[in-house]
Amino acid sequence: MEVKGLLVVDVDSTLIMEEGIDLLGEEAGVGQQVAQITERAMQGEMDFREALEARVSLLKGLEVDIFDKIAQRIHFTSGAKQLVNTLHQMGYKVGLVSGGFHETIDPLAAQLGIDYVKANRLEVEGGRLTGRLVGSIVTKETKQVSV
């Protein structure tokens with residue numbers, strides 16, 4: 001089938017109802033600190049990259065099985081599955097571009113048969129998060145270029 005077009009969708013609070021970093025922060029017992037950093041970024045006191053790195057640093061030491069745990073708390077936004085299915089039936093591709101993490105997004109993408117994913121990757125050593133990111137960071141500028 002000929003590809004007719006491409007829909008690129010954000011993930012947190014768009015494709016899904018939750019914010020992945022908030023769920024990870026809650027599980028790590030640092031939910032309030034994560035929220036405070038997010039608020040500072042929203043007030044323009046920090047840029048996205050700086051805020052993301054600060055929030056990710058709070059996740060240091062979490063075991064990688066945390067992703068299975070938070071997957072149980074993630075819900076697709078009403079109509080998301082139907083939208084993706086309908087677009088695929090019509091010959092469209094669907095991509096996700098997110099400032100969130102491959103570790104939480106890739107399983108969701110697999111569930112929906114998403115064609116492309118661009119997100120951040122958390123560094124893992126010895127089965128635990130290091131509190132750092134690996135590779136380039138997806139920012140709002142990245143999202144604009146991806147479209």
Side-chain angles (χ1 to χ4, degrees), residues 5-88 92-147:
L6 171 68
L7 173 68
V8 178
V9 180
D10 189 25
V11 177
D12 294 317
S13 296
T14 304
L15 180 74
I16 62 172
M17 294 169 38
E18 299 78 17
E19 293 281 331
I21 188 76
D22 291 345
L23 296 177
L24 289 166
E26 289 168 18
E27 290 294 332
V30 294
Q32 186 173 4
Q33 290 132 295
V34 167
Q36 288 170 344
I37 294 168
T38 300
E39 181 61 28
R40 288 184 60 208
M42 291 176 70
Q43 297 298 323
E45 296 174 27
M46 303 172 81
D47 70 12
F48 178 80
R49 179 185 306 269
E50 180 184 17
L52 180 64
E53 289 173 343
R55 291 178 289 180
V56 167
S57 73
L58 295 172
L59 305 177
K60 183 178 181 177
L62 276 179
E63 294 185 8
V64 293
D65 66 359
I66 193 67
F67 301 112
D68 294 331
K69 199 173 194 179
I70 69 163
Q72 307 303 314
R73 298 177 57 195
I74 295 175
H75 306 88
F76 287 110
T77 303
S78 178
K81 292 178 184 179
Q82 296 86 342
L83 175 63
V84 172
N85 289 338
T86 300
L87 288 170
H88 279 150
Y92 285 76
K93 297 285 186 178
V94 180
L96 303 177
V97 178
S98 177
F101 311 108
H102 274 286
E103 293 79 3
T104 55
I105 295 168
D106 288 351
L108 301 172
Q111 266 186 278
L112 297 179
I114 297 294
D115 302 290
Y116 311 103
V117 177
K118 184 157 183 77
N120 296 305
R121 190 161 308 276
L122 295 163
E123 184 179 68
V124 175
E125 289 180 2
R128 293 185 180 273
L129 300 183
T130 65
R132 295 184 300 266
L133 296 158
V134 176
S136 61
I137 295 177
V138 176
T139 63
K140 68 180 179 180
E141 292 79 17
T142 308
K143 291 179 183 182
Q144 291 169 346
V145 170
S146 296
V147 177

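Only heavy atoms go into these numbers, but all of them, side chains included; no hydrogens, no water, no symmetry mates.
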Asker: Please find the pair of heavy atoms, one from Ile137 and one from Leu52, that lie closest to each other, and give the distance.
Answerer: CG2-CD2, 3.7 Å
Asker: Can you see which heavy atom on Gly29 is nearest to which on Gln33, and at what distance?
Answerer: O-OE1, 4.1 Å
Asker: Would you kindly say whether Arg49 and Thr139 are connected by a side-chain donor-acceptor distance under 3.5 Å?
Answerer: no
Asker: Just grab all the salt bridge (Lys or Arg N to Asp or Glu O under 4.0 Å) pairs involving residues 18-27, residues at least two apart or on different chains.
Answerer: Glu26-Arg73, Glu27-Lys69, Glu27-Arg73
Asker: Is the shortest side-chain heavy-atom distance between Val56 and Leu24 below 4.5 Å?
Answerer: no
Asker: According to the salt bridge (Lys or Arg N to Asp or Glu O under 4.0 Å) rule, which pairs have a member within residues 37-47, sequence neighbours left out?
Answerer: Arg40-Glu45
Asker: At what distance, to the nearest 0.5 angstrom, does OG1 of Thr38 lie from CE of Met46?
Answerer: 9.5 Å
Asker: Search all heavy atoms of Asp115 against all heavy atoms of Tyr92 and return the closest pair with its distance.
Answerer: OD2-O, 4.3 Å
Asker: Looking at every heavy atom in both Gly100 and Ser98, which two are closest together, and how far apart are they?
Answerer: N-OG, 2.7 Å
Asker: Between Ser57 and Ala54, is there a donor-acceptor pair closer than 3.5 Å when you use the side chain of the first and the backbone of the second?
Answerer: yes
Asker: Return the set of residues passing side chain to side chain contact (heavy atoms under 4.5 Å, CB included) with Val9 (not counting sequence neighbours), or none when no residue passes.
Answerer: Leu7, Thr14, Leu15, Leu96
Asker: With a 4.5 Å heavy-atom cut-off, do Val134 and Leu122 have their side chains touching?
Answerer: no
Asker: Working to the nearest 0.5 Å, report the span between CD of Gln82 and OG1 of Thr86.
Answerer: 7.5 Å
Asker: Taking all non-hydrogen atoms of both residues into account, name the closest pair between Phe48 and Arg55 and its distance.
Answerer: CE1-NH2, 3.8 Å
Asker: What pairs of residues pass the side-chain hydrogen bond (donor to acceptor under 3.5 Å, both in side chains) test when at least one of them lies in residues 122-136, not counting sequence neighbours?
Answerer: Glu63-Arg128, Glu123-Thr130, Glu123-Arg132
Asker: Evaluate Phe76 against Leu83 for side-chain contact (heavy atoms from CB on, under 4.5 Å), listing each step before the verdict.
Answerer: CA-CA 11 Å; Phe76 287 110; Leu83 175 63; over 6 Å; no
Asker: Got a list of side-chain donor-acceptor pairs under 3.5 Å for residues 104-113, not counting sequence neighbours?
Answerer:
from   : atom 1 : to     : atom 2 : distance (Å)
Thr104 : OG1    : Phe101 : O      : 3.1
Asp106 : OD1    : His102 : ND1    : 2.9
Asp106 : OD2    : His102 : ND1    : 3.3

Asker: Would you name the heavy atoms of Ala51 and Ile37 that are closest together and state the gap between them?
Answerer: O-CG2, 3.6 Å
